[in-house]
Asker: 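Take a look at the following structure, please.
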Amino acid sequence: MSHVEKNLDYTAGEMMTVTAARALENGTTCFVGIGLPSEAANLARLTHAPDVVLIYESGTLQTKPEVLPLSIGDGELAETALTTVSVPEMFRYWLQGGKINLGFLGTAQIDRYCNLNTTLIGDYTAPKVRLPGGGGAPEIATNAGEVFITLKHSKRAFVDQVDFITTLGFGRDGKGRDGVPNIGKGPTRVITDLCVMKPDPETKELVVVSLHPGVSAEQVQEATGWEIRFTETLESTPEPSARELEVLRGLKERTAQAHAGQ
Amino acid sequence: MSHVEKNLDYTAGEMMTVTAARALENGTTCFVGIGLPSEAANLARLTHAPDVVLIYESGTLQTKPEVLPLSIGDGELAETALTTVSVPEMFRYWLQGGKINLGFLGTAQIDRYCNLNTTLIGDYTAPKVRLPGGGGAPEIATNAGEVFITLKHSKRAFVDQVDFITTLGFGRDGKGRDGVPNIGKGPTRVITDLCVMKPDPETKELVVVSLHPGVSAEQVQEATGWEIRFTETLESTPEPSARELEVLRGLKERTAQAHAGQ
Amino acid sequence: MAEILSLHDAVTRYVEDGTTVAMEGFTHLIPFAAGHEVIRQGKRDLTLVRMTPDLIYDQLIGAGCAKKVIFSWGGNPGVGSLHRLRDAVEKGWPHRVEILEHSHAAMACAFEAGAAGLPLAVLRGYVGSELPNVNDQIKFIECPFTGERLAAVPSVRPDVSIVHAQKADRAGNVLVEGIVGVQKEAVLAATHSIVTVEEIVDDLDTHPNACVIPGWAIDAIAVAEQGSLPSYAHGYYPRNNRFYKEWDAIARDRDTFTQWIEENVMNAGETA
Amino acid sequence: MAEILSLHDAVTRYVEDGTTVAMEGFTHLIPFAAGHEVIRQGKRDLTLVRMTPDLIYDQLIGAGCAKKVIFSWGGNPGVGSLHRLRDAVEKGWPHRVEILEHSHAAMACAFEAGAAGLPLAVLRGYVGSELPNVNDQIKFIECPFTGERLAAVPSVRPDVSIVHAQKADRAGNVLVEGIVGVQKEAVLAATHSIVTVEEIVDDLDTHPNACVIPGWAIDAIAVAEQGSLPSYAHGYYPRNNRFYKEWDAIARDRDTFTQWIEENVMNAGETA
C-alpha cells in the first residue's frame, strides 16, 4: 500500500489496529484471539474502553496485561487476571454458557460469506500447507454474541471460497446460521489494513463499508479474491488520534522489550 | 438388646461403630455418609487406619475432622481437608470418575437384597412418612468400588421389600447389577448393632456372618423383617478394645462440646 | 454489571410470584437473610430449586411461598426431618406442594450443565433406582460411541439464583471460599442473580485460582451481615449447630413455627 | 499412591511403545523435561494427545516417537507453524503421522468427560464447521428434552498422562497454580499418571480451594527442576518467549532440528 497524505504519520497496520480497537465498546465481555485481536483489544482497554472485559481461552478472566502476550497463556495474563479458571470451565461456563458478548478472531483465510479457514490449504488428506487448526475459533464464532475479525488484506487471505470451513461465518451459501437455535449473530465486522467490511444484512456477503484514509476501492478489489461489493454510503475510516498511536506504540515497545529479555 | 457378660463395658452402638470402623482398611478412599458412617470412618482414621482418605460429598477431599460434623458440610470438614472442590466436581471427577474405593452409607430401610430406601414409607404420591430422599446415595452405591452399610437393627429398618428403591443394592430379584457395565460391586457388608451381614455370593441375599458378643441368632431374627439366613461358619464379632472405646468416646465428647457451644 | 442494592430492593426487583428460584449454598453460606426477605415480601407460587432444602426452604414452604420444590435431599442435616416440608407433602399444609426429586449427582450435574449453557446433563446415574419411575424428567440416552446407557436430566436454569458469599469488591466481583457447593453454577445458570455478602471491600485480596464470580455475571449485590446464619461463612462465623437441633422442635408444630416466623422474620426488620 | 521416582524410571515404567500419552499444560507448565526423557528412551508409535501440540510434540514428532497426534491447535503460539508437525503431515518425515483434529472446546470437554468417567462429552459445538467431515469421532445427538442437536465426542482416556506442576508434598499431593489448563483432568482421566514438579516440600502451604491433586490419584512423582522450560512455572520462572521464536528457525530445517535434539536432548542428561 502506498502512503498518501495523512494528518499523522502511521502505518497501515496501526490504522488496522486502531480501527479494530475503536470497534470495541466499553464494558463488552470479549473473548480475545492471540495476535492482532489481542493487540486491538488491549489498545481499546488502554484508551476508550477501560472497562472492557478481556478473556483469553487459557482461562484468564478479566485480564489486564501490561505487555502483549506472545502466547494465549503467558504468565502476564494470569498475573493480571481477576481469576484464572480451568480450560474446560472457560469453554463450558464462560463461552458456551453465553457470558461472552464478542469473540475477536484472526484467521488465515476468509471468504465471501465470512467463513474462516485456519486448518489447511489444499486437500485435507494431502495438504499443501498445514495450518494450526481450529483452536477456540469454531465455538467462539457460534457461542459468542457476535464476532469481529481482523487480518491483513491480501488475495491469499480473502478468497472466494475457503479451502476448508474451520469456523462458520455464514456457510457456503450465506444461510449457515438460519434456523440454528442458540447461535450467536456471527461475524458483524471485518477490519483489515485497507478497510472495514460488514456482512450484507440479507445475503450475508461481505460488503466494504469504510475505506481507510488514502486507500482506493481498486486497492481493496486487487487484494480480494472475489468481486467485492462496496456500500452506497461508503465512508472514510477516521484516522488514528495522536493519543491512540502513542498508547499503541508504547504497548508494542514494552512488549518487544519484555519478550527479548528472556 | 439385653446386656450380657463382656470383657469391657460398652454399648451396642459402640460395638456397631467399632465393628464398622474395623472394616475400613488403611489407605482406602472412602466416600462417607453423615451420621453413623462418619462416626465409624473417623474412628478408623484415629485408630488403625491413619491413612484412610475420607471424602464428603460437600467437596471436602481427604479431610481429618477433630470433631464429628453434624452436617455433611460443617466448617470443620473444609478446614481440615487437603482441598475443597465444587459439588459438581466431587460427583463427576471423584465419584463417577472411579476414584472412590468404598462408599459408606446409612439408610432408613434396607431389604433382603440390600436395596436402600431413604425416600418414603407408603405410596409415593401419598406417603405415610416422607423421608429426606436420595442425596448422594444412588450414585455412591453404583459408582464406588464397593459399599458398606451401617444402621441399627430393627424390624422397621430391615424389611423384606423396601417400599421404594432409592439406592440399588442388588435389585428386587438380586440380579440388579448383572450385565450392567461400569458398575461397582455394590454392598459387600452390612454392620448393625447386632451382627455383620454379607450378601450371598450367588443369590445376593443378605446372610449373617458374625454375631456381636452376647447377641443370639433369635435376637437378629426378631429384629429382621424376613427369614434371615445365617452362614454355616457363623463367627463371633471381636469385642472393641479399650483403646478403640477410649478414642470413640473422646471423639463423641469433643463433638458434643463443640456442637453445644454454638 | 452488578448493582449494589439493599436486600429489600434486590428481592423486589428480581423475585416475582411464580418465579423459579434457586437459593444455593451446600450447608455452607446458605442465604437465609435473602430467604427471610422473600418471606417478608409475601412471594407466592415459587418453584424452589435446591439440592438440600435445609431450614431455608422449610421456612419458605411453611410460610406458604412455595408451589413446587426441586431437590435431592430434604432433611435437617444430622438432626432428622424437615417438618414443614413433610407437613406440606404429607398433609398439604399450608397447601399442597409439588415435588420433583433427583439424586445429588444428577442435580449437581444439572447445575453444571445449566452454567455450561446446555439443555441437559448426562451422567452415569440412577442405575437400579426407582426415582426414574416417579420423576419423568429423568431419561436415558445411548452413547453413540460405546452404546452405554446413560442417564440424562434437564439442566437447571432458574429465573433467579440467590447465593451468599464472603465478600464483594466495589465492582461487584464476589469471592466464595471454603465449601463452594454449586453456588457459582447457580449464579451462571440463572437468568438473574442476587449475591448477598458479609461485606464490601476495596480488594478481594485473593489467590490466582480463587472462586471469584465477576461482577458482570451478577445482577445485584446486597450486603447482609451474618446473612447465612444459622448456616455459616468460612472465615466469618461458624455454623450454629445448636439452632439446627432446636429447629426440630420449632418446626414440628404448626403454631410454634408460625410464631417463630412472625417473631424472627416478619417483625424482625431487613437484617434478619 | 504416588511413588517418588526418578524421571527416567517413571517414564520407563509407564510409557511403552504404542502407548496413548497426554502431556498437558496449556502454554503454562508444559512437561518438557518428561518429553525429552521420552525422546531419550526412544519410545515409538505413541498416540500423542494434547490440545496444543506446542514445541513439546513438535520435538517428539520430529524425533520419530509419534504414530498419531490428537490435537486442537497445532501452531507455535504467536510465532507461526510447528515445522516438524507440518513436515510429518505434509511430507511424511521422519514418517507419516496420523492426525485426529478437534476444536479446543470439544477437546477441553473430552478431557473433562474423561476425568468424569464418562464415555462421551456433549457440547454445543462444531455448528457449521467442516471438521466433522474429516473426523469420524465427531457425532451428533439429539437432546431428549428439547430436541436440540448437540455435538458429541469420545472422552479422552489416555493410558498415561504426564503433567508438570509447581510442587508436591512428601505424600505426593500436588499443587498446580496459575493457568491450570486441563492438567487435573488429564491426570484424573488417565489410567496412569506421572507428575513432574519443581520441588518437593514439607507443606504445600496453600488455600482452601487450591487446585491440589491428591497423591493417591497419581502414580509417580518425579522432581524436574525447570522441567517446563521453555514454557514456564508460575511463581518459579517466566516463559522463554525468545526461545519460542528461535525454535522457528531450528525446527524449519531437518538437519538443524536433528542436531538440536542430539545436543540438547540425547546428550544432555536426565535434567534437560
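What you see is a predicted model, and the numbers here were worked out from it, not measured in a lab. In what follows, every chain begins at residue 1, and chains take the letters A, B, ... in the order their sequences are listed. Only heavy atoms go into these numbers, but all of them, side chains included; no hydrogens, no water, no symmetry mates.
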Asker: Less than 4.5 Å apart, side chain to side chain, heavy atoms only: is that true for C143(C) and I141(D)?
Answerer: no
Asker: Is the number of heavy atoms from other residues, nucleotides or ligands under 6.0 Å of R96(D) CZ greater than 12?
Answerer: yes
Asker: Restricting to non-hydrogen atoms, name the atom on F145(D) and the atom on L120(C) that form the minimum distance, rounded to 0.1 Å.
Answerer: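 Scanning both residues, the minimum pair turns out to be CD1-CB, 4.0 Å.
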Asker: Show the nearest heavy-atom pair for residues V122(D) and L118(C), with the distance to one decimal.
Answerer: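 Of all heavy-atom pairs spanning V122(D) and L118(C), the closest is O-CD1, 3.7 Å.
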Asker: Between G117(D) and R124(C), which heavy-atom pair has the shortest distance, and what is it?
Answerer: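 Result for this residue pair: O-NH1, 2.6 Å.
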Asker: Using a 4.5 Å heavy-atom cutoff, which residues in residues 194-218 of chain D come close to chain C?
Answerer: H207(D), P208(D), N209(D)
Asker: Quick one: what part of L150(C) sits under 4.5 Å from any heavy atom of chain D, side chain, backbone, both or neither?
Answerer: side chain
Asker: With chain C as the partner, which of A116(D), A152(D), G178(D) has the greatest number of non-hydrogen pairs under 4.5 Å?
Answerer: G178(D)
Asker: Measure E148(C) against the heavy atoms of chain D and call it side chain, backbone, both or neither at under 4.5 Å.
Answerer: side chain
Asker: In terms of heavy-atom pairs under 4.5 Å with chain D, which of I179(C), V176(C), V180(C), V153(C) leads?
Answerer: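 The residue among I179(C), V176(C), V180(C), V153(C) with the greatest pair count is V153(C).
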